[in-house]
J.: 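Got a structure here, written out as structure tokens. Questions coming.
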Amino acid sequence: MLEDYRRAHKRASKEFQADVAAGRYPYPPALDDILKGEGYQGEIPLGLAEIDLTLIAGTRTRGRQNSFSSGFMPLQEPSTEFASKWSDLIDSQRAEGIHEPIVVYEYLQRFYVQEGNKRVSVLRYLGQPTVLAKITRVVPMPSDSKAYRVYQEFMRFYRVAPVFGIVLAEEGDYARLAAFAGRDLDNSWPDDAVRDLRSAFDAFAAAFRARHGETLGMSAGSAFLIYLKVFGYDEAVHALPAEVDARVARIWDEFVVSRDGGKVAYLEDPSGKRTNIIPEIKSLAKETMGSRPFFAAFIYESSPEVDGWTALHEKGRMKLVEEVGPTVMSQAYFDCNNDAAFDAAVADATRRRADLIVTVSPTQMRSCLRAAVAHPELPIINCSVSLSHSAVRTFAGRLYEAKFLLGALAASMAKNHRVGYVAENPVYGTVAEINAFAIGARMIDPYVTVYLKWFSAKDYDWKRELAESDVRVVSARDYLDPSDPDEPWGLYEIMDDGTCRHLAEPIWKWGRYYALIVRSIRNDSWKKEGATRRGEALNYWWGMSAGVLDVRLSDEVPYGQRVLVEGIRQSMLTRRINPFAGELVSQGGTLVHTGPDRLSSEEIVRMRWLNENIVGRLPEQRELSQEGLEQVEVSGVIPLDPTKLPHKGTLS
């Protein structure tokens with residue numbers, strides 16, 4: 001119908017004017033023009049396939065290029081022969097459909113039309129999602145660009161699972177997608193597995209685009225990975241379209257937060273910056289004696305009898321109840337290390353009308369997300385840093401502050417300018433702790449060397465290696481291991497007879513931390529922070545200034561060192577000293593930072609460089625234990641191949 005053409009022409013005119021006003025090219029780009037500057041290796045026929053119309057980017061040659069707007073709407077006047085043919089084509093589509101495939105060239109996952117421009121225009125006007133196409137791949141020239149590396153991974157994916165349309169943005173994303181499906185990028189997928197993936201993605205993409213997901217600046221493919229993380233692959237494959245649509249609506253804020261790599265707001269001080277919380281909470285307790293007590297549920301992966309980290313948080317839970325009094329009740333759920341146990345704990349907590357769920361390991365994040373989606377009214381927090389999610393807020397201590405003090409103490413106690421540091425896992429925040437320790441040590445001793453080792457590395461003896469380097473002062477695990485109470489921990493000194501003398505350790509005041517969180521929920525600061533920071537993941541990243549973190553010195557530490565540590569501590573509290581302000585130099589002599597301002601929170605948390613006085617490196621995937629891999633997969637600073645993980649990447 002000519003009336004359809006007039007409407008399409010009107011849309012084309014608007015697109016054209018908007019592009020011109022914005023300084024953009026107003027026609028579909030021609031692949032030939034692109035290849036003039038880039039070059040290509042050759043062409044590979046791929047045969048017939050349904051392709052997503054949103055991935056058609058332009059034309060193969062200039063030809064009739066100026067007959068269309070950038071969105072393939074028709075620009076020629078309604079009185080032209082072009083308009084008549086376009087109108088006949090839309091009538092044919094409505095009557096019997098367009099069955100003849102178009103001819104396209106695929107380049108870097110975008111399609112350029114050789115034959116069928118008007119068919120593309122008509123189908124886009126009608127809102128059709130796909131079109132049958134005869135495809136030829138144009139193989140790009142090798143380069144070191146991120147786009148080329150991602151495309152190389154896509155070609156590996158396409159060889160084993162020939163599905164177009166799942167456009168992913170980051171290196172490792174296609175391997176991650178394969179891992180979600182229990183597959184890899186090396187072995188061909190069965191036909192039914194390919195059909196399942198295509199069907200699940202198509203259903204998701206339809207729901208995502210129906211809500212104009214393209215306005216978020218993220219591809220449907222990248223959003224699909226978030227969807228799989230929350231609901232799992234099996235649920236995605238078997239869900240009906242209506243269920244998919246409802247799920248997409250429920251996790252929409254996750255897409256918003258995750259765009260552009262995910263923006264995290266690091267809240268470094270409690271709301272209002274009050275320092276004396278206990279009297280305020282006790283005052284609040286008097287006002288609420290007649291109301292239902294606040295109920296906090298603590299869901300742990302392990303138990304305090306075998307895991308020191310759980311023991312610290314359990315001590316904080318008991319301290320919370322002790323300090324706040326009868327207006328707060330809590331319940332601990334131990335050994336919730338699988339979906340069934342976690343879900344049972346959540347079910348019991350919600351039955352008891354929980355006001356807060358606390359989890360203490362990054363590896364619980366996927367379970368937290370599922371619970372948060374099912375119970376959007378229930379605040380859920382996870383002890384981790386820099387995980388970008390909307391439904392679950394994260395909390396952690398700025399442990400690098402305590403490590404800075406311990407580094408200074410270590411250097412003052414070492415007689416040979418050598419100290420050791422044994423880190424847990426290369427996850428967000430850990431590298432900053434290592435560097436703060438090394439910077440604190442160098443501030444006291446400009447000749448000190450820090451020997452870095454890893455608990456999570458398998459098949460090597462770090463104690464022997466430190467002994468061979470004549471290291472006598474060591475910073476090891478930050479808390480007592482209940483399963484091995486005789487193992488040295490914290491900062492300790494190895495004496496001449498081989499015994500160890502405990503010197504100091506960081507201390508977390510989790511009871512105070514939880515009291516602050518409870519207050520924020522009760523006085524509506526929690527809701528206000530969420531409302532004012534829409535589109536950001538919220539991380540409570542409090543430290544010594546909030547009174548939730550400190551260091552404890554043993555009686556074995558000499559008086560002079562005590563004075564030294566306290567002096568540095570006070571300077572940190574008054575912001576006169578910060579380990580990540582001033583000149584920072586990494587291994588190899590590279591100047592990382594200069595000037596009086598501190599690095600940003602994001603730069604500190606995601607730090608991957610090591611200070612120049614450190615001997616050691618970050619471990620590689622093949623060197624990590626299974627427990628280490630599970631932690632790094634969720635929040636690691638080193639790259640992993642998801643298809644080579646023991647549990648197929650379902651937590652990533």
Side-chain angles (χ1 to χ4, degrees), residues 28-32 34-35 38-61 63-64 72 89 92-93 96-124 126 128-142 147-168 173-175 177-178 181 183-206 209 219-221 224 237:
L31 180 58
D32 281 352
I34 296 171
L35 296 178
E38 302 290 338
Y40 65 100
Q41 297 185 67
E43 299 178 356
I44 302 174
L46 299 179
L48 290 173
E50 288 282 335
I51 63 172
D52 192 326
L53 277 163
T54 63
L55 297 181
I56 294 180
T59 60
R60 172 65 207 241
T61 60
R64 302 292 293 275
F72 270 89
L89 192 60
S92 176
Q93 165 64 16
E96 56 190 41
I98 297 175
H99 302 294
E100 185 180 356
I102 65 174
V103 177
V104 299
Y105 286 78
E106 181 257 329
Y107 181 72
L108 295 176
Q109 291 202 76
R110 295 297 185 270
F111 298 100
Y112 299 84
V113 183
Q114 175 74 35
E115 297 177 15
N117 290 309
K118 283 194 288 294
R119 277 170 278 171
V120 170
S121 180
V122 165
L123 292 174
R124 277 200 172 176
L126 292 173
Q128 294 296 310
T130 62
V131 62
L132 184 65
K134 181 181 179 182
I135 307 167
T136 299
R137 170 169 292 153
V138 178
V139 182
M141 295 295 290
Y148 180 77
R149 293 194 299 271
V150 172
Y151 186 70
Q152 286 287 97
E153 188 176 350
F154 164 73
M155 288 197 292
R156 287 183 62 203
F157 165 76
Y158 190 84
R159 278 194 291 269
V160 298
V163 178
F164 273 118
I166 307 179
V167 179
L168 302 175
D173 276 354
Y174 286 100
L177 174 61
R183 306 286 173 183
D184 57 36
L185 302 182
D186 299 317
N187 300 287
S188 293
W189 298 19
D191 290 345
D192 59 344
V194 175
R195 285 194 298 270
D196 284 346
L197 174 62
R198 183 183 290 114
S199 176
F201 176 73
D202 287 347
F204 171 82
R209 288 167 184 152
S219 71
F224 187 53
V237 166

J.: Output yes when a side-chain donor or acceptor of R119 lies under 3.5 Å from a complementary backbone atom of P101, and no otherwise.
T.: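 Yes: the side chain of R119 pairs with the backbone of P101.
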J.: Counting only N and O atoms by type, is there a donor-acceptor contact under 3.5 Å from the side chain of E106 to the main-chain atoms of I135?
T.: no
J.: Would a 4.5 Å heavy-atom cut-off, applied to side chains only, mark D202 and T130 as touching?
T.: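 Side chain of D202 against side chain of T130, heavy atoms only: no contact under 4.5 Å found.
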J.: Is there a donor-acceptor contact under 3.5 Å from the side chain of R60 to the main chain of Y105?
T.: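 No: the side chain of R60 does not pair with the backbone of Y105.
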J.: Measuring only between side-chain heavy atoms, which start at C-beta, is V139 closer than 4.5 Å to Y40?
T.: no
J.: With Y158, which residues qualify under ring pair (Phe, Tyr, Trp, His ring centres under 6.0 Å), at least two apart?
T.: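 Per chain and number, Y158 pairs via ring pair (Phe, Tyr, Trp, His ring centres under 6.0 Å) with F154, F164.
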J.: Taking all non-hydrogen atoms of both residues, which atom of G165 and which atom of L55 are closest, and how far apart?
T.: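 Reported closest heavy-atom pair: CA-CD1, 3.3 Å.
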J.: Does the side chain of V131 reach to within under 4.5 Å of the side chain of I51, using non-hydrogen atoms?
T.: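 SC-SC contact between V131 and I51 confirmed.
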J.: Grab the two heavy atoms, one from V104 and one from A133, that are nearest each other, plus how far apart they are.
T.: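 Taking every non-hydrogen atom into account, CG2-CB, 3.9 Å.
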J.: When you measure from the side chain of Q41 to the backbone of P140, do you find a donor-acceptor pair of N or O atoms at a distance under 3.5 Å?
T.: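 Such a contact is found between Q41 side chain and P140 backbone.
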J.: Ignoring hydrogens, what is the shortest heavy-atom contact between A57 and F72? Give both atom names and the distance.
T.: C-CE1, 4.4 Å
J.: Could you tell me the separation between the CG atom of L123 and the CD1 atom of I102, rounded to the nearest 0.5 Å?
T.: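 Spacing of CG (L123) from CD1 (I102) equals 8.0 Å.
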J.: Nearest 0.5 Å, what's the CG-CZ distance between L46 and R137?
T.: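 Going from CG on L46 over to CZ on R137, the span is 5.0 Å.
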J.: Please test L126 against Q93 for side-chain contact (heavy atoms from CB on, under 4.5 Å), starting from the C-alpha separation and ending with a verdict.
T.: CA-CA 9 Å; L126 292 173; Q93 165 64 16; 3.5 Å; yes
J.: For Y107, check ring pair (Phe, Tyr, Trp, His ring centres under 6.0 Å) against everything at least two apart and list the hits.
T.: none
J.: Indicate the atoms forming the closest heavy-atom contact of L168 with V150, along with that distance.
T.: O-CG1, 3.5 Å
J.: CG of D186 to CZ of R159: how many Å apart, nearest 0.5 Å?
T.: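 Those atoms lie 9.5 Å apart.
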J.: Using a 3.5 Å distance criterion without hydrogens, assess whether the side chain of S219 forms a donor-acceptor pair with backbone atoms of V167.
T.: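 Confirmed, S219 side chain pairs with V167 backbone.
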J.: Between CZ of F157 and CG of D173, what distance do you get to the nearest 0.5 Å?
T.: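 The distance works out to 11.5 Å.
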J.: Do L197 and L177 make a side-chain contact, defined as non-hydrogen atoms from C-beta onward lying under 4.5 Å apart?
T.: yes
J.: With heavy-atom distances below 4.5 Å as the criterion, would you say the side chains of V163 and F201 are in contact?
T.: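 With C-beta onward as the side chain, the pair stays apart.
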J.: Once rounded to the nearest 0.5 Å, what's the spacing between atom CD1 of I56 and atom OG of S121?
T.: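 Going from CD1 on I56 over to OG on S121, the span is 10.5 Å.
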J.: Does the side chain of R149 come within less than 4.5 Å of Q152's, by heavy atoms?
T.: no
J.: Going from CD on E153 to OH on Y148, what distance comes out if it is rounded to the nearest 0.5 angstrom?
T.: 13.0 Å
J.: Please tabulate, for the side chains in residues 108-118, all donor-acceptor contacts under 3.5 angstrom to protein atoms that are two or more places apart in sequence or on a different chain.
T.:
unit_1, atom_1, unit_2, atom_2, d
Q109, OE1, Y174, OH, 3.2
Q109, NE2, Y174, OH, 2.8

